[in-house]
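Structure record follows, encoded as structure tokens.
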Amino acid sequence: MARAILLAAFILALVSSRAIASDDAPPQGRSIVDIRMPPPGIVQQMTLSDGSRVYGRIESVSADEIVFRTLTGILMTVPRSSLMDLQEMRGRVVKGEFLPADSHDTRLFFAPTARSLKAGQGYLGTYEVFFPFVQVGVTDRLSLGGGTPLIFVGDFHPLWITPKFQIISRERTQAAVGVIHITGTGGHDAGIAYGVTTLGGVDQAGSVGVGYAYSGHDRAAIIMVGGEARASRHVKWMTENWISRGGNGFVSGGVRFLGDRLSADLGLIVPLTDETVVVPMVSFAW
């Protein structure tokens, strides 16, 4: 049953991602027919038939061409036949440069933030190459996901399931609850039930989470404190830190490299132990 759920989530995420790509990018060689003026304050990304991209917004539309004003104020007259893609972008303009929003801002390195995927959005990723994961927005507030290692030991087949529900959604304040449940370990199921709050904007924000870890009859409270700060168009600094009963946990810090759809996280993890150990962390998400 658990494997079936994961497979269904994986297929749904893949289909959703392809559907989004299909909606955002018309096939090569076909121009856009339905072109509409954007609402005030919206930045558009225009892609031409030669693959070049320009940020700005449409000024006017005629039967044969459009007039597009770039972020620097340049007016471009573009034949409709040369226009291959036109989409509204999430982000903001800083000193004349458009900074796209982090498309993976619903999580830090490991822990979820209180931000939510929109319905139909999804991502696929992997930790340290061998630990793939998936998350899909079922509604604008509810998302489902999971993951499983690519390499198993003995008869164990671990699998984790990650439902999350957003209960508060404001411009600078979000709150969510969820569960990270692990099964297939050969013993007791385990996991963390949590609540998390994210405060701040799209470029600088902090997240605080309180979790209730369980495994068999064992229980423990966990506190997570994380933060993120946009450094440039393609770079975001991040930190994520956990502490539980007895002082166990870890501190971590690193960077997220941002692309249009793909992001890469590189970080260092320091477990809170008597001996100083530094563990590298690498993950990718699309």
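In this text the structure is predicted, and so the values were computed from the model without any measurement. Computation of the quantities below employed the complete heavy-atom set of this structure, encompassing side-chain atoms and omitting hydrogens, waters and symmetry-equivalent molecules.
Remark: side-chain polar atoms of His157 are not paired, donor with acceptor, to backbone N or O of Gly184 under 3.5 angstrom. The backbone N or O of Glu88 sits nowhere less than 3.5 Å from a side-chain atom of Gln44 that would complete a donor-acceptor pair. Under a 3.5 Å cut-off, the side chain of Arg172 and the backbone N or O of Ala205 do not form any donor-acceptor pair. Asn241 places a side-chain N or O within donor-acceptor distance of the main-chain N or O of Ser252, the cut-off being under 3.5 Å. Using a distance-only test at 3.5 Å, with no hydrogens or angles considered, a donor-acceptor pair links the side chain of Lys164 to the main chain of Thr113. Distance alone, capped at 3.5 Å, places no donor-acceptor pair between the Thr139 side chain and the Ala119 backbone. Without hydrogens or angle criteria, Ser244 side chain to Asn248 main chain gives a donor-acceptor distance under 3.5 Å.
Pairs passing the salt bridge (charged side-chain N to carboxylate O under 4.0 Å, His left out) check and including a residue from residues 111-136, sequence neighbours excluded, read Asp105-Arg115, Arg115-Glu228. Within the structure, salt bridge (charged side-chain N to carboxylate O under 4.0 Å, His left out) pairs that include any residue of residues 37-48 do not occur (at least two apart or interchain). The stretch residues 192-201 participates, sequence neighbours left out, in these side-chain hydrogen bond (donor to acceptor under 3.5 Å, both in side chains) pairs: Thr198-Ser207.
Within a 6.0 Å radius of CD1 in Ile223, other residues, nucleotides and ligands contribute 12 heavy atoms or fewer. Environment of CZ in Arg233: crowded, with over 12 heavy atoms of neighbouring residues, nucleotides or ligands closer than 6.0 Å.
Residues forming a salt bridge (charged side-chain N to carboxylate O under 4.0 Å, His left out) with Arg107 (at least two apart in sequence, or on another chain): Asp265.
Taken from NZ in Lys236 to CG in Asp203, the straight-line distance is 7.0 Å, to the nearest 0.5 Å. Atoms CD1 and CG, from Ile161 and Leu144 in turn, are 9.5 Å apart once rounded to the nearest 0.5 Å. In this structure, the separation between OG1 on Thr47 and CZ on Arg53 is 5.0 Å, given to the nearest 0.5 Å. A distance of 11.5 Å separates CD of Gln174 from OG1 of Thr106, quoted to the nearest 0.5 Å.
Remark: the Ser52 side chain and the Asp50 side chain contain an N/O donor-acceptor pair separated by less than 3.5 Å. Side chains of Tyr123 and Gln135: no donor on one and acceptor on the other come within 3.5 Å.
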For a quick test of your reading: what N or O donor-acceptor pairs under 3.5 Å do the side chains of residues 213-222 make, sequence neighbours left out?
residue : atom : partner : partner atom : Å
Tyr214  : OH   : His181  : ND1          : 2.7
Arg219  : NE   : Tyr212  : OH           : 3.4
Arg219  : NH1  : Gly216  : O            : 2.7

* Between Arg80 and Glu65, does a salt bridge (Lys or Arg N to Asp or Glu O under 4.0 Å) hold up when you go through it step by step? -> CA-CA 5 Å; Arg80 292 175 69 113; Glu65 61 188 24; over 6 Å; no

Determine, stepwise, if the pair Leu86 / Phe68 fulfils side-chain contact (heavy atoms from CB on, under 4.5 Å).
CA-CA 11 Å; Leu86 186 67; Phe68 191 86; 4.2 Å; yes

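Chaining together hydrophobic side chains whose heavy atoms lie under 4.5 Å apart places Leu75 alongside Val67.
A salt bridge links Arg256 to Asp102: one of the charged nitrogens lies within less than 4.0 Å of a carboxylate oxygen.
When side chains are defined from C-beta on, Tyr55 counts as touching Gln45, because their heavy atoms get closer than 4.5 Å.
Here the options are Tyr127, Phe131, Trp160, the test is ring pair (Phe, Tyr, Trp, His ring centres under 6.0 Å), and the partner is Phe110; only Tyr127 passes.
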